[in-house]
Amino acid sequence: MLDRYISRRRLLTGSALAAGGAVALPLLSACDASSSDSSGDGKTVTLTVMYKSNELTKEHIADFEAKTPGVKVNFVEFDETRLNAMLASNEPPDLVRAPAVGSSSGNAQGLATDLDPYLDKSTVLKKDDLLPVNDGFRWDGKRSGQGPYYGIVKDWSQDATLWYNRALFEQAKVPPLSTTDPVSYDELLGIAKQLTKKSGGKSQVYGLGVEWAWGLSAPIHMMILQQGGQVYNTDLTETDMTTPEARRAIQWYVDFAQAGVGPTSLDPAPDGADLSLFLAKRMAITQDGYWYGGNFVKESEEIKNSVAMAPAPVMGDKRISPTYVGWGAYIPAKARNKDEAWKLMEYFMAGPPSEERAKSGWGLPALKSQLPLLPQELPYQKQAYQTAQAELQHAGPLPDSPYVSGGSWIDVLNKHITRAIKKETTVDGACRDITNEVNKLLKQGKDQIG
């Protein structure tokens with residue numbers, strides 16, 4: 001499952017949308033959203049699908065083909081470089097894996113198909129059943145969050161929530177985090193210092209992991225919004241990371257790193273992720289979404305009886321708990337078999353695979369009707385379910401400019417925050433440099449897209 005949890009935050013590193021026991025549900029008939037049935041003449045339609053094979057499995061494909069006579073799937077493992085080449089040659093796949101957060105760039109370039117005509121006629125995927133996370137795939141011609149849908153989310157999490165090990169809190173004689181009330185970021189850093197154990201100048205137990213290697217752009221943007229600030233100007237063409245809200249967020253990460261309470265760019269986690277440290281009881285708290293609970297099902301009773309999930313921390317007065325990505329799929333605008341691709345979209349997003357995902361606990365479903373399917377058999381699952389249900393009311397979108405990728409943000413932030421940690425520059429200097437570099441990228445993106 002390494003790819004699954006790394007992909008939750010190592011998002012948006014590419015350009016455009018590239019970056020981007022169940023009961024079977026009825027599939028949409030081919031004539032519902034098209035003027036012709038391309039398989040009605042008895043010929044087999046071959047769908048080219050680019051996805052991850054650990055998400056859309058061979059078993060899913062075989063089941064879909066059995067339920068959809070006349071349609072075969074040509075599966076291609078998701079590869080950003082190959083996808084960009086296919087898009088550039090006007091020979092795109094018929095269905096493509098992509099994130100909701102970051103989809104505005106591809107939508108601004110007209111790379112995706114408007115799905116509203118399909119949704120309006122579908123008896124399987126219905127607009128009123130889509131959770132707001134799907135709004136990340138909407139585009140009104142200027143910004144994401146409103147207008148037609150250009151993709152559907154597969155599953156997601158509110159990625160700033162916290163998982164912690166009660167046993168390590170007890171050993172440090174620190175009261176456990178509340179599973180209902182959020183802690184402030186300043187309080188969280190103080191708690192992390194109490195939980196950290198060092199020997200010989202090195203951390204034997206980290207108090208807090210923030211999945212530093214997966215990028216700081218989404219959490220910093222969230223911190224800015226929580227304080228009532230803005231990441232971009234009104235037309236999404238400029239940023240200002242010298243504002244008090246942005247400076248406070250960047251200062252927090254500098255303080256975190258200099259305190260030595262968790263892995264950073266200067267003290268990376270051994271495998272680029274918190275999980276191994278957390279399972280080895282060498283990390284007390286890790287900042288990860290609901291999906292993280294899927295890791296513990298097959299672990300020891302000691303682990304299962306010690307873990308708990310807490311709400312996302314807050315910086316400021318606005319409680320916002322977003323997803324950092326929201327993986328899903330879109331149908332390219334120049335796809336040759338859109339109707340059949342929509343059938344697969346329905347099957348994958350609302351059929352047996354989606355029910356399997358929801359029941360597994362490896363993420364929240366994108367459909368309201370599937371929320372009750374989330375696992376509650378184990379005590380920690382029941383607790384996480386309750387916390388996740390309460391957290392939903394605080395879900396909110398991250399800003400998404402079509403003119404700069406999340407990967408670019410990640411690189412710029414990491415470079416200058418690392419310099420500030422090493423005291424090669426001040427926090428104010430880092431904020432100015434981040435602003436200048438990102439604004440250059442925004443201008444380049446604006447010039448390219450128009």
Side-chain angles (χ1 to χ4, degrees), residues 1 3-9 11 22 25 52 54-56 97-103 125-138 145 149 151-163 179-180 182 211 214 218-219 222 275 286-297 307-312 319-329 345 348-378 380-398:
M1 287 296 183
D3 172 75
R4 188 176 183 99
Y5 64 74
I6 286 180
S7 68
R8 293 289 175 172
R9 290 199 184 171
L11 63 150
L25 297 179
K52 290 284 189 179
N54 64 334
E55 296 174 334
L56 178 59
R97 184 180 193 261
V101 180
S103 64
L125 279 171
K126 303 176 181 179
K127 287 183 180 179
D128 60 4
D129 193 30
L130 297 178
L131 281 166
V133 67
N134 290 281
D135 291 349
F137 272 123
R138 297 176 71 182
Y149 291 86
I152 302 293
V153 171
K154 167 180 66 73
D155 57 10
W156 65 295
S157 288
Q158 290 166 274
D159 293 297
T161 53
L162 304 169
W163 286 87
T179 59
T180 56
E211 302 290 12
W214 298 353
M222 179 194 71
L275 183 61
T286 179
Q287 189 168 38
D288 284 284
Y290 171 85
W291 66 271
Y292 209 68
N295 288 301
F296 309 127
V297 175
V307 297
M309 180 181 164
R319 189 173 170 185
I320 299 173
S321 182
T323 184
Y324 293 169
V325 52
W327 282 107
M345 181 83 84
F348 190 54
M349 302 307 186
S354 66
E355 294 191 353
E356 292 170 11
R357 289 192 299 269
K359 291 178 180 179
S360 73
W362 278 102
L364 299 170
L367 305 181
K368 300 173 187 176
S369 60
Q370 292 187 350
L371 286 171
L373 298 179
L374 293 171
Q376 300 182 62
E377 290 78 15
L378 300 172
Y380 89 84
Q381 291 176 327
K382 186 173 183 179
Q383 181 273 309
Y385 175 86
Q386 293 170 343
T387 296
Q389 290 293 303
E391 194 78 352
L392 284 173
Q393 64 183 303
H394 304 291
L398 289 176

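Heavy-atom basis, side chains included; hydrogens, waters and symmetry copies ignored.
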* Validation row, ring centre W163 to ring centre F296 under 6.0 Å ->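 When the ring centroids of W163 and F296 are compared, they turn out to be within the sub-6.0 Å range.
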Main chain of [Y], side chain of [X]: is a donor-acceptor contact present, judged purely on distance under 3.5 Å?
X: W156; Y: W327; answer: no
X: S157; Y: D159; answer: no
X: D129; Y: K126; answer: no
X: Q393; Y: A390; answer: yes
X: N134; Y: A366; answer: yes
X: K368; Y: D128; answer: yes

* Results of side-chain contact (heavy atoms from CB on, under 4.5 Å) for K382 - residues two or more places apart only -> Q376, Q386
* Using side-chain contact (heavy atoms from CB on, under 4.5 Å) as the criterion, list what pairs up with P397, not counting sequence neighbours. =>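 P397 satisfies side-chain contact (heavy atoms from CB on, under 4.5 Å) with no residue once adjacent residues are dropped.
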Can you tell me how far the [atom1] atom of [X] sits from the [atom2] atom of [Y], to the nearest 0.5 Å?
X: M222; Y: L398; atom1: CE; atom2: CG; value: 8.0 Å
X: E377; Y: Y385; atom1: CD; atom2: OH; value: 11.5 Å
X: E211; Y: Y292; atom1: CD; atom2: OH; value: 5.5 Å
X: L131; Y: L392; atom1: CG; atom2: CG; value: 7.0 Å

* Considering all heavy atoms, the nearest R357-M349 contact -> NH2-CA, 4.0 Å
* To do: With sequence neighbours left out, write down each residue that passes side chain to side chain donor-acceptor pair (under 3.5 Å) with Q381, or none if nothing qualifies.
  =>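 Here no residue qualifies.
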* side chain to side chain donor-acceptor pair (under 3.5 Å) partners for T179, two or more places apart ->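 Not a single residue meets the side chain to side chain donor-acceptor pair (under 3.5 Å) criterion with T179.
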* Would you please name every residue forming a ring-ring contact (aromatic ring centres under 6.0 Å, His included) with Y149, sequence neighbours left out? => none
* Asked: Can you find a side-chain donor-acceptor pair between E391 and S321 that sits under 3.5 Å?
  -> yes
* To do: Answer with yes or no whether the side chains of T387 and Q383 bring together a donor and an acceptor at under 3.5 Å.
  => yes
* Would you please name every residue forming a salt bridge (charged side-chain N to carboxylate O under 4.0 Å, His left out) with K127, sequence neighbours left out? =>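 Partners of K127 under the salt bridge (charged side-chain N to carboxylate O under 4.0 Å, His left out) test: D116, D120.
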